[in-house]
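What follows is a short report on a single structure.
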4 protein chains.
Amino acid sequence: MICQLDFQSDIPIYEQICRQVKFAIGNGTLRAGDHVPSVRELAVQAAVNVNTVARAYRDLQAQGILVSIRGTGLAVSPEAPSRCRDDRLEMIRARLSTLLREAILSGIEMDEIRSLVDAEWSRLHKEVRASKAV
Amino acid sequence: MICQLDFQSDIPIYEQICRQVKFAIGNGTLRAGDHVPSVRELAVQAAVNVNTVARAYRDLQAQGILVSIRGTGLAVSPEAPSRCRDDRLEMIRARLSTLLREAILSGIEMDEIRSLVDAEWSRLHKEVRASKAV
Amino acid sequence: MICQLDFQSDIPIYEQICRQVKFAIGNGTLRAGDHVPSVRELAVQAAVNVNTVARAYRDLQAQGILVSIRGTGLAVSPEAPSRCRDDRLEMIRARLSTLLREAILSGIEMDEIRSLVDAEWSRLHKEVRASKAV
Amino acid sequence: MICQLDFQSDIPIYEQICRQVKFAIGNGTLRAGDHVPSVRELAVQAAVNVNTVARAYRDLQAQGILVSIRGTGLAVSPEAPSRCRDDRLEMIRARLSTLLREAILSGIEMDEIRSLVDAEWSRLHKEVRASKAV
DNA sequence: GTGGTCTAGACCACG
DNA sequence: GTGGTCTAGACCACC
């Protein structure tokens, strides 16, 4: 699992880690039962404080996404895949909602939004596919 | 100018004030040369500390949205209206971009996004129109 | 006498008025014994609060630049012309000094300063001459 | 980093701090990536309130001079060094410009300015060299 | 430990 | 009346 972090983002590092794990589960990179990297391993890989990874994993356990398996570390729970997908969809719906509300209030038209969505989608789709190819 | 603040939001109050002022300029409620309410006045209206309003206004000055007219208060700068609209569009584009990127990474399809956008847009549009009617 | 004010400058309006009067005396536009416009007249002309002009004139009286002539208003004092010129020269010398000190500390060379002075001088000279022609 | 403040100056303290930081970056005392002292630390060192330092740092962030590294403090941005140097030259040019404009308006001649510049420059040059020798 | 937010209140210059 | 500066102190999230 690769972990791309943005240290200057206003989203906390631990939260970014949580999301990336959920991404990986949501799109099938991680499946139910798979082990996630150990806290120390991921901390080194991502050049991050161990506590930060620990907190992310703690949150994911609390959400039932990860389960602890005695002596071997943490693994993706059976319910995680479907749950991740639902969670993501709901989170996206919520953020989209506030985004659109602001767009309406600042006088932007539906057409502008639609074309923005289409343009960004195709741009990002290419970008993501390219990075996977690597 | 009305100022609706959400004290529970994770967006700082001063930032919310900035945005509302920009909204008001963007959609023509405030025009170039208009005075904004005094810091004290808005502070009372919004039930917020004077310094908080002052900070918002200071940021807006730094961004060239407001200009200080010595002893008489702050006014909307000539460039503000066009600038606000551009800024808003760009901000929305940027947030939409990260939103869509996450959607792609978590395995959501374009169709789902499109229908979400349409559904939310029409829902919000009614809501906003209703609140204006009041 | 024309009075060009910059309402967005960080120099107070009353101070700008003082300087402009001194300019006018320094370069011969106003001579010893000439009347300056009345407080109200100048306030209207310059679109400024009456108190502001009053304060400027008060300061100029305190400095002996203007003298009050009973019933007729304020006039340029006999000593003003030479004094204005000396004052200005000294003020310019002082500000030039701090400016050059910072230039030296930030590693700028004498040649750069000399060429800056020459370039700005000729640019401003044209500009000023043009505005007088109007 | 040393921070020399003048509490009598009419330049706000936070502004003085900004300048000193920029100066330190401009002349290489602080390099890209270096951490600046923490707000609390500098506040103690300079005998100033924490908020005052915080405001200076916040302004520097808004200008892109400093970047925040979550939980670890603030660091000099990669673009800062070149930017700081350009800023200083431009600041000097701007102040020279207003200085010369006033000189022209008050009837001072180019020769007088030139000799002033030469005289002050050589005087200050000696002074600065002497203080460095110490 | 770090910075960020918010409050409260004093003081000042300007118009 | 206006905004601007500074102080003091509380609380929070993050690492």
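Proteins come first, then strands; the chains are lettered A, B, ... in the order of their sequence lines, and each starts at number 1.
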Using whole Å, report how far [atom1] of [X] lies from [atom2] of [N].
X	N	atom1	atom2	value
D:Leu60	E:dG3	CG	P	13 Å
D:Gln16	F:dC6	CD	C1'	13 Å
D:Arg58	F:dT5	CZ	P	12 Å
B:Ile17	E:dT5	CD1	P	13 Å
D:Leu5	F:dC6	CG	P	10 Å
C:Leu42	E:dG15	CG	P	14 Å
D:Asp10	F:dC6	CG	C1'	16 Å
B:Asp59	F:dG4	CG	C1'	14 Å

Check whether any side-chain heavy atom of [X] lies under 4.5 Å from a side-chain heavy atom of [Y], and answer yes or no.
X	Y	result
D:Thr98	C:Arg95	yes
B:Leu42	B:Tyr57	yes
B:Val44	B:Val50	no
D:Lys22	D:Arg88	no

If you round to the nearest 0.5 Å, how far is CG of B:Leu100 from CG of A:Leu96? 8.0 Å
Spatial distance of atom CZ (B:Arg58) from atom CG (D:Asp59) [nearest 0.5 Å]: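 Rounded to the nearest 0.5 Å, the CZ-CG separation comes out at 5.0 Å.
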Reading DNA chain F from 5' onward, which residue's closest nucleotide shows up sooner: B:Asn51 or B:Arg40?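 It is B:Arg40 whose nearest nucleotide is closer to the 5' end.
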For D:Gly71 and B:Ser68, find the nucleotide of DNA chain F closest to each by heavy atoms; which residue's nucleotide sits nearer the 5' end?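 By nearest-heavy-atom nucleotide position, the 5'-most residue is B:Ser68.
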Is there a side-chain contact between [X] and the phosphate of [N], meaning an N or O under 4.0 Å from OP1 or OP2?
X	N	answer
D:Thr72	E:dG3	no
D:Arg70	F:dC15	yes
B:Gln61	F:dG4	yes
D:Tyr14	F:dT5	yes

Contact class for [X] (heavy atom, under 4.0 Å): base, sugar-phosphate, or nothing?
X	value
B:Ile13	sugar-phosphate
B:Ser38	sugar-phosphate
B:Val48	sugar-phosphate
B:Tyr57	nothing
B:Arg55	sugar-phosphate

Mind checking who F:dA10 pairs with, Watson-Crick or G-U wobble, both distances under 3.5 Å?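 F:dA10 is paired, partner E:dT5.
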Taking the nucleotide of DNA chain E with the closest heavy atom to each, which residue, B:Glu15 or C:Pro12, is nearer the 5' end?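 Its nearest nucleotide lies further toward 5', so the answer is B:Glu15.
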If you assign B:Asn49 and C:Ile11 each to the DNA chain E nucleotide with the nearest heavy atom, which residue ends up on the more 5' nucleotide?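 Upstream on the strand: B:Asn49.
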